[in-house]
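Since the structure comes first, as structure tokens, the remarks are kept for the end.
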Amino acid sequence: MTDFLRANFLPPQPPPPMRAPGWRSKLFGDARATAITVLLLALAALVLPPAIRYLFIDAIWSAPDGAACRAPGAGACWAFIAAKSPFFFYGAYPPAFYWRVNLTFALAAALIVWLLHPKIPGKGIALGGFFLGLPIIGFVLLHGAPALGLPVVGTNLWGGALVSLIMALAGMAAALPGGVALAMGRRSELPALRWLSVATIEFVRGAPLIAVLFMANVLLPLFLPPDWAPDRLLRPMFGIALFASAYMAEVVRGGLAAVPRGQGEAAAALGFSRWQSLKLIVLPQALGAVVPGIVNNFVALFKDTTLVAIVGLFDFLHAIDVARLDPVWAGPTIALTGYIFAALFYLTFCLAMSTYARGLENRLAAAKR
């Protein structure tokens, strides 16, 4: 038996090289991968050439009206988008005051970049500016303030992307803090607070957004004096914020359940108060664990802003739907181009949110490793 045993150990060998599979092995590694790759390439060869021809080669880029777009063989009518773009983005907002809309969204974009970029310091200032300063400054700029020399522009003139972005920003700004508050209330040891939170979450989640918008638009003025009746823009904004908060509460509750109980107990042993433990230890881990769910809610909320047209608001998609009825620009390719432009508008914002979320997930994963 000893003849089969080695008397001396072999010298240590270097580890085998770790090589990530190349693109060839990913696409053609086995029969199934090869079949899927071939099918997708065949589908692309079937769809892409006519799509490129319609969108770019045969497209009408400049025209005074829709006559050229109605000609046989004409492609996408981008001239229609160029002619109607102010209406798409500003609605009936007076052209002389477009600068007020542009300045408002420039401030919002700057604050969002400040909040989301990991290397820019002063997050507390940016947080206060976004949640406290921006609503006040934005209202003064968009609505007007005669005392400051800004004529009043009624919300009945607001429309297009202006309304869609305001609804989305307001809903996202309210969804996360509202969802955290409802999730914490649902986990509270106080029965009244817990029942109220559960009732709010289940009632709102059990109703479609259209019903919530109708309730906010019709019922909210009934509970307030006539002089305090909210504006036609604030009523659906309140409904969207409540709806988004209820859905976000369940996402946050899942994140809180994923945090081990020992984290809070260790914080208490170190002398942290319950609020400090929640703010510094539990919530950062809980929210980091559910980043995909949070972004998914934000993406769904941004697309759901199209439903405000049902309660009389003039959002981006509704503006395109109205513009295509202009007899000067009537035509099947013109209407299709408008809807393609709307799809690109929503796709751009949703992809931006998803891309940032993936980057945030990678940074969090690197920190854990």
Side-chain angles (χ1 to χ4, degrees), residues 111-112 114-132 135 169-206 238 240-301 353-369:
L111 288 171
I112 290 172
W114 190 356
L115 278 172
L116 300 183
H117 198 286
K119 296 183 179 180
I120 302 179
K123 300 299 183 186
I125 300 174
L127 199 65
F130 184 79
F131 286 99
L132 299 177
L169 287 174
M172 293 175 189
L176 194 55
V180 170
L182 287 173
M184 297 304 301
R186 187 162 189 164
R187 293 164 56 94
S188 174
E189 298 176 355
L190 302 175
L193 180 59
R194 184 172 65 252
W195 294 339
L196 179 62
S197 300
V198 171
T200 302
I201 293 171
E202 297 303 329
F203 176 76
V204 175
R205 290 176 67 240
F238 174 79
I240 285 178
L242 183 62
F243 187 83
S245 298
Y247 273 85
M248 189 64 71
E250 291 301 282
V251 176
V252 175
R253 188 166 71 93
L256 291 171
V259 178
R261 186 176 179 181
Q263 296 288 310
E265 294 173 349
L270 292 173
F272 284 77
S273 67
R274 186 165 183 174
W275 168 247
Q276 289 175 325
S277 172
L278 181 67
K279 176 185 175 183
L280 301 175
I281 297 175
V282 177
L283 266 184
Q285 295 183 71
L287 296 180
V290 292
V291 168
I294 292 174
V295 176
N296 182 61
N297 273 13
F298 284 165
V299 169
L301 172 64
M353 288 187 279
S354 300
T355 302
Y356 176 80
R358 286 195 296 271
L360 181 60
E361 288 181 67
N362 293 335
R363 290 200 300 271
L364 292 175
K368 289 180 182 179
R369 289 196 298 268

- Item | Close side-chain approach of Arg358 and Arg363, heavy atoms under 4.5 Å | no
- Would you indicate whether Arg274, at its atom CZ, is surrounded by more than 12 heavy atoms from other residues, nucleotides or ligands within a distance under 6.0 Å? no
- Do Ser245 side-chain atoms and Ala174 backbone N/O form a donor-acceptor pair below 3.5 Å? yes
- Shortest non-hydrogen contact from Leu182 toward Ala249: CB-CB, 3.7 Å
- Task: Can you measure from CG (Leu360) to CG (Leu116) and round to the nearest 0.5 angstrom?
- Result: 9.0 Å
- Query: Heavy atoms, side chains only, cut-off 4.5 Å: are Leu127 and Lys123 in contact?
  - Reply: no
- Work out which heavy atom in Ala126 is nearest to a heavy atom in Leu111; give both atom names and the distance. O-CD2, 4.2 Å
- Message: Less than 4.5 Å apart, side chain to side chain, heavy atoms only: is that true for Phe131 and Pro135?
- Response: no
- Considering all heavy atoms of both residues, which atom of Pro121 and which atom of Trp114 are nearest to each other, and what is their separation? O-NE1, 2.6 Å
- Item | Which residues share a side chain to side chain contact (heavy atoms under 4.5 Å, CB included) with Leu256, sequence neighbours left out | Ala183, Met184, Arg187, Val252, Val282, Leu283, Ala286
- Applying side chain to side chain contact (heavy atoms under 4.5 Å, CB included) between Asn297 and each of Val290, Leu176, Val251, report the one that passes. Val251
- Message: Which heavy atom of Ser188 sits nearest to which heavy atom of Leu193, and what is that distance?
- Response: OG-CD2, 3.7 Å
- Message: So does Ser273 get a backbone contact from the side chain of Gln276, meaning a donor-acceptor N/O pair under 3.5 Å?
- Response: yes
- Task: Can you tell me which residue pairs pass the salt bridge (charged side-chain N to carboxylate O under 4.0 Å, His left out) test with a partner in residues 240-260, sequence neighbours excluded?
- Result: Arg186-Glu250, Glu250-Arg253
- Note on the structure: CD1 of Ile294 to CE of Met172, rounded to nearest 0.5 Å, is 12.5 Å
- Nearest heavy-atom pair of Phe272 and Ser277: which atoms, and what distance? CB-N, 4.2 Å
- How far apart are the C-alpha atoms of Leu115 and Ile120, what are their side-chain angles, what is the distance that settles it, and do they pass the side chain to side chain contact (heavy atoms under 4.5 Å, CB included) test? CA-CA 8 Å; Leu115 278 172; Ile120 302 179; over 6 Å; no
- Mind listing the closest non-hydrogen atom pair of Gly171 and Leu301 along with its distance? C-CD2, 3.5 Å
- Task: List the steps and the verdict of side chain to side chain contact (heavy atoms under 4.5 Å, CB included) for Leu242 and Thr200.
- Result: CA-CA 9 Å; Leu242 183 62; Thr200 302; 4.3 Å; yes
- Out of curiosity, Gln285 CD to Leu280 CG, how far, rounded to the nearest 0.5 Å? 11.0 Å
- Item | Set of ring-ring contact (aromatic ring centres under 6.0 Å, His included) partners for Tyr247, sequence neighbours left out | Phe243
- Taking the side chain as every heavy atom from C-beta outward, state whether Val295 and Tyr356 have any atom pair closer than 4.5 Å. no
